[in-house]
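Structure record follows, encoded as structure tokens.
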Amino acid sequence: VRALREGSRLRIEVFNTGRLSPARSDGIGLANTRSRLGQLYGDRSTFELVEEAGGVVARFVLPWSESP
């Protein structure tokens, strides 16, 4: 797990070994995650799954806010 602040955005990455199965890229859990991010942040967030460095990375980019 890695989190980085990039100006006004927060990037969170979760890495796991293995491969990305095309059949799992549109599952209900991923659809729910995308839907929730859309409800919370609209087009100010992104979410992607990519094969990278011998595994799979789930990458979230969210707006940064210092308010509680």
Exercise for review: Mind checking side-chain contact (heavy atoms from CB on, under 4.5 Å) for Arg19 and listing every partner two or more places apart, or none if nothing turns up?
Suggested key: Glu51
Point to revise | Qualifying ring pair (Phe, Tyr, Trp, His ring centres under 6.0 Å) pairs with a residue from residues 28-49, counting only residues at least two apart or across chains | key: Phe47-Phe60
Revision key, fill the gap. Heavy-atom closest pair (Leu20 atom, Leu49 atom, distance to 0.1 Å) is CD2-O, 3.8 Å
Review point. Linking Ile, Leu, Val, Met, Phe, Trp and Tyr through side-chain heavy atoms less than 4.5 Å apart, which residues share a cluster with Val50?
Key: Phe15, Val57
Review point. Taking side chain as C-beta onward, heavy atoms only, is Arg5 less than 4.5 Å from Trp64?
Key: yes
Practice item. Can you measure from CG (Leu62) to CG (Leu37) and round to the nearest 0.5 angstrom? Key: 6.0 Å
Practice item. Find the distance between CD (Gln39) and OG (Ser45) and round it off to the nearest 0.5 Å. Key: 11.0 Å
Point to revise | Partners passing salt bridge (Lys or Arg N to Asp or Glu O under 4.0 Å) against Arg59 (at least two apart in sequence or in another chain) | key: Glu13, Glu48, Glu52
**Study point:** Hydrophobic cluster (4.5 angstrom, side-chain heavy atoms) - remaining members for Val61
**Key:** none
Check your understanding: Around atom CZ of Arg9, are there more than 12 heavy atoms of other residues, nucleotides or ligands at under 6.0 Å?
Key -> yes
Review point. Got a donor-acceptor contact below 3.5 angstrom from the Thr33 side chain to the Gly29 backbone?
Key: yes
Exercise for review: Output all residues satisfying side-chain contact (heavy atoms from CB on, under 4.5 Å) with Ile28, sequence neighbours left out; order by chain, then residue number.
Suggested key: Asn32
Review point. Are Leu10 and Leu4 close enough that some pair of their side-chain heavy atoms sits under 4.5 Å apart?
Key: no
